[in-house]
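Below is one structure; the comments refer to it alone.
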2 protein chains.
Amino acid sequence: MIIKSNIQRVLRYQHCVSNFYELGFDKIYSHNLAEAVGVSPEQVRKDFSEFGIRGNKRGGYDIHQLLDTFQDIFHGKVDKRTILIGMGNIGSALVKYRGFKKKRISILAAFDIDPSKIKGTYGIPVYHFDEVDKFINENCIHTAILSVPVVSVQQVTDELVKSGIIGFLNFTPAILQVPAHVVVNNIDLYLELESLFYYIRTSEHRNINCKEDKF
Amino acid sequence: MIIKSNIQRVLRYQHCVSNFYELGFDKIYSHNLAEAVGVSPEQVRKDFSEFGIRGNKRGGYDIHQLLDTFQDIFHGKVDKRTILIGMGNIGSALVKYRGFKKKRISILAAFDIDPSKIKGTYGIPVYHFDEVDKFINENCIHTAILSVPVVSVQQVTDELVKSGIIGFLNFTPAILQVPAHVVVNNIDLYLELESLFYYIRTSEHRNINCKEDKF
DNA sequence: TTAAATTTGTGAAAAAGTTATCAAAAAGCG
DNA sequence: CGCTTTTTGATAACTTTTTCACAAATTTAA
Ligand SMILES: NC(=O)c1ccc[n+]([C@@H]2O[C@H](COP(=O)([O-])OP(=O)(O)OC[C@H]3O[C@@H](n4cnc5c(N)ncnc54)[C@H](O)[C@@H]3O)[C@@H](O)[C@H]2O)c1
Ligand SMILES: NC(=O)c1ccc[n+]([C@@H]2O[C@H](COP(=O)([O-])OP(=O)(O)OC[C@H]3O[C@@H](n4cnc5c(N)ncnc54)[C@H](O)[C@@H]3O)[C@@H](O)[C@H]2O)c1
């Protein structure tokens with residue numbers, strides 16, 4: 001199986017190749033992509049070979065061909081659909097964001113248990129969580145974004161797994177217990193912030209004008 | 001230098017140890033933490049040894065002692081302060097979130113260039129970005145959260161680095177160019193979603209009731 | 001007190017991931 | 001055309017990270 005960081009790097013290369021395409025280029029070299037994405041050229045070639053992407057010796061990679069291949073790999077011509085559970089702070093920020101549409105990702109609907117959220121207008125329909133099973137099966141949904149309070153996330157997850165969800169984007173700090181075939185991508189903002197503080201505390205480059213050692 | 005994933009795992013152990021403490025336990029074993037966090041017991045012990053945390057053979061780890069040690073490592077008794085740049089969808093979700101306060105992390109102020117954001121009420125002061133340098137130096141800020149549009153993030157970053165910021169939490173899809181001593185933690189929600197779709201497409205566990213192959 | 005059971009800590013082994021090396025292909029050029 | 005330069009692709013070397021294995025310590029219990 002191709003590992004997550006490999007996939008994510010290739011998605012970054014894709015973005016970079018699109019930029020080159022927009023600028024009118026026809027070919028691109030591993031060192032171009034490496035520089036733009038902040039990895040080594042060898043890494044780029046390794047990543048490409050993992051996906052069976054071949055270039056031309058001395059000729060680099062053909063941009064049009066690359067873009068086609070990326071479209072195949074990531075189903076670029078297919079709309080990707082998901083649902084969101086918990087229309088709170090994070091949930092409504094995600095729903096309002098326009099950037100996913102450009103990448104052909106749609107949050108089809110949101111689900112909550114708070115009647116005020118269900119009545120609200122957010123640009124997408126917001127239903128009661130009781131209706132999620134019906135919606136998943138009627139619309140053939142495989143993934144869900146979890147932005148509910150941490151206390152209820154495991155129960156919500158269990159029900160979604162029962163309804164057929166096999167991929168989660170989890171914004172809660174909980175470590176979800178799921179069957180082996182279910183994938184969970186965790187976004188733990190607290191861990192990201194706290195680890196950042198850890199690094200800056202141990203850094204020798206802190207602002208020398210600071211009298212006290214504040215963080 | 002201790003790596004990020006090591007730090008983040010230990011933060012998860014901390015959370016789990018706190019739960020055990022709340023439940024009235026006095027000691028905890030590597031296998032308890034392993035199970036809760038979803039890693040191997042050996043990993044727990046290796047992680048601990050990296051931070052110089054020692055347990056007792058056959059006696060496990062003393063919970064009170066562990067919690068004290070975690071407080072030392074992560075400066076649990078010190079308020080950690082940061083600022084936020086870009087009071088948009090994501091920015092205001094973060095500012096509204098109450099969970100960081102409990103962990104003694106405060107977003108002291110936000111900065112924007114849109115006058116309507118600067119006039120708005122968000123619970124924390126929102127200043128014009130022109131004032132960020134003064135604020136950073138007067139308040140001894142080392143870290144910043146970036147939730148501005150991707151087109152302006154590099155320029156914003158350059159200015160913040162000049163003002164002394166050495167740690168970023170970057171919500172934009174841009175790969176930031178920063179000096180070597182500056183740490184950037186990236187949260188790329190598009191990459192997380194797209195890699196999830198990649199996995200579920202290649203999974204054999206997709207809902208069999210789906211006639212068409214929708215994603 | 002001795003034996004049995006359990007759990008840590010660590011060094012070795014294995015696995016995973018990244019970087020270096022270099023032959024081969026292709027392009028440019030005199 | 002033949003020589004030089006560039007760049008890929010494959011493999012080897014290296015590095016990092018995780019897992020394994022087991023001695024040492026400590027507790028429990030007989
Ligand atoms: N907002 C942030 O910046 C932030 C940062 C870090 C972590 N998180 C995590 O993200 C999650 C969401 O945070 P938030 O700030 O958006 O919270 P929030 O309280 O604003 O939103 C949670 C939403 O979930 C709904 N909900 C509650 N129980 C539900 C259930 N059983 N089924 C369906 N919906 C339910 C609530 O009605 C609410 O609308 C939390 O777990 C939080 O820990 C958020
Ligand atoms: N909202 C999401 O769900 C989401 C998802 C993925 C990625 N992102 C990324 O996060 C970033 C923010 O997204 P958003 O949806 O919150 O955007 P947004 O447009 O809602 O907010 C951006 C804010 O930044 C301010 N701003 C613009 N230029 C600025 C400058 N030079 N200095 C200071 N402030 C400035 C704007 O006035 C606005 O308030 C974007 O880069 C976006 O690509 C957001």
Side-chain angles (χ1 to χ4, degrees), chain A residues 1-13 16-17 20 25-67 69-70 73 175 180 183 186 191 195 198-199, chain B residues 1-13 16-17 20 25-67 69-70 73 175 180 183 186 191 195 198-199:
Chain A
M1 191 170 72
I2 296 176
I3 61 167
K4 183 175 159 184
S5 59
N6 193 174
I7 296 169
Q8 298 202 345
R9 279 194 305 266
V10 174
L11 286 162
R12 290 204 168 110
Y13 306 150
C16 177
V17 173
F20 268 69
F25 287 91
D26 286 323
K27 47 188 189 176
I28 195 166
Y29 304 104
S30 57
H31 66 86
N32 301 133
L33 293 166
E35 194 186 18
V37 171
V39 299
S40 68
E42 295 84 358
Q43 179 84 82
V44 175
R45 298 203 292 272
K46 253 272 163 32
D47 286 337
F48 277 4
S49 84
E50 202 85 25
F51 283 91
I53 296 173
R54 317 298 308 268
N56 308 299
K57 297 231 162 95
R58 167 89 207 240
Y61 300 88
D62 179 83
I63 283 187
H64 306 84
Q65 200 178 310
L66 262 188
L67 289 175
T69 309
F70 288 142
I73 294 172
I175 311 285
V183 181
N186 293 302
L191 294 188
S195 59
Y198 183 87
Y199 278 122
Chain B
M1 190 169 72
I2 296 177
I3 61 165
K4 184 175 158 183
S5 57
N6 192 345
I7 296 168
Q8 297 202 345
R9 279 194 304 267
V10 174
L11 286 162
R12 290 202 168 113
Y13 305 150
C16 176
V17 173
F20 269 69
F25 286 93
D26 285 323
K27 48 190 191 177
I28 196 167
Y29 306 105
S30 57
H31 67 84
N32 300 134
L33 293 166
E35 193 185 19
V37 171
V39 299
S40 67
E42 296 85 356
Q43 179 84 81
V44 174
R45 297 202 294 271
K46 262 273 179 348
D47 286 335
F48 276 4
S49 84
E50 202 85 26
F51 282 92
I53 296 172
R54 318 299 308 268
N56 308 300
K57 295 228 163 94
R58 168 90 208 241
Y61 300 88
D62 179 83
I63 284 189
H64 306 84
Q65 200 179 310
L66 264 187
L67 289 175
T69 309
F70 288 142
I73 294 171
I175 309 284
V183 180
N186 293 302
L191 294 187
S195 59
Y198 183 88
Y199 279 123

* Any side-chain heavy-atom pair of B/Val37 and B/Val44 under 4.5 Å -> no
Counting the atoms with a prime plus P, OP1 and OP2 as sugar-phosphate, which does A/Tyr61 contact under 4.0 Å by heavy atoms, base, sugar-phosphate, or nothing?
sugar-phosphate
[atom2] on [Y] to [atom1] on [X], rounded to 0.5 Å:
X	Y	atom1	atom2	value
B/Lys27	B/Asn56	NZ	CG	8.0 Å
A/Gln43	A/Ser30	CD	OG	11.5 Å
A/Asp62	A/Ile53	CG	CD1	12.0 Å

Take atom [atom1] of [X] and atom [atom2] of [N], then tell me their distance rounded to the nearest Å.
X	N	atom1	atom2	result
A/Leu33	D/dT7	CG	P	13 Å
B/Glu50	D/dT17	CD	P	9 Å
A/Ile7	C/dG17	CD1	P	12 Å
A/Met1	C/dA16	CE	P	11 Å
B/Gln8	D/dT17	CD	P	13 Å
B/His31	C/dG9	NE2	P	14 Å
A/Asn6	C/dA16	CG	C1'	12 Å
B/Ile2	D/dT16	CD1	P	15 Å

Note: B/Cys16 and B/Leu33 closest approach over all heavy atoms is SG-CD2, 3.6 Å
Nearest heavy-atom contact between B/Ala34 and B/Ser40 is CB-C, 3.6 Å
Report yes if at least one side-chain N or O of A/Tyr29 is closer than 4.0 Å to OP1 or OP2 of D/dG9; otherwise report no. no
Check: Does B/Ser49 make a side-chain N or O approach to OP1 or OP2 of C/dG9 shorter than 4.0 Å?
Finding: no
Counting only pairs under 3.5 Å, give me each side-chain donor-acceptor contact of residues 1-10 of chain A, with atom names and distances, residues two or more places apart or in other chains.
residue : atom : partner  : partner atom : Å
A/Lys4  : NZ   : B/Glu192 : OE1          : 2.8
A/Asn6  : ND2  : A/Asp47  : OD1          : 2.9
A/Gln8  : NE2  : B/Leu191 : O            : 3.4
A/Gln8  : NE2  : B/Ser195 : OG           : 3.2
A/Arg9  : NE   : A/Asp47  : OD2          : 2.7
A/Arg9  : NH2  : A/Asp47  : OD1          : 2.9

Only one of A/Phe48, A/Phe51, A/Phe70, A/Tyr29 passes ring pair (Phe, Tyr, Trp, His ring centres under 6.0 Å) with A/Tyr13, and that residue is A/Phe48
Letter by letter from the 5' end, nucleotides 25-30 of chain D scores (B base, S sugar-phosphate only, - none; protein heavy atoms under 4.0 Å) BBB---
Pull out every protein N or O sitting under 3.5 Å from an N or O of nucleotides 18-21 of chain D, one pair per line with the distance.
residue : atom : partner : partner atom : Å
D/dT18  : OP1  : B/Arg9  : NH1          : 3.3
D/dT18  : OP2  : B/Arg9  : NH2          : 3.2
D/dT18  : OP2  : B/Gln43 : NE2          : 3.4
D/dT18  : O5'  : B/Gln43 : OE1          : 3.4
D/dT19  : OP2  : B/Ser40 : OG           : 3.1
D/dT19  : O4   : B/Lys46 : NZ           : 3.2

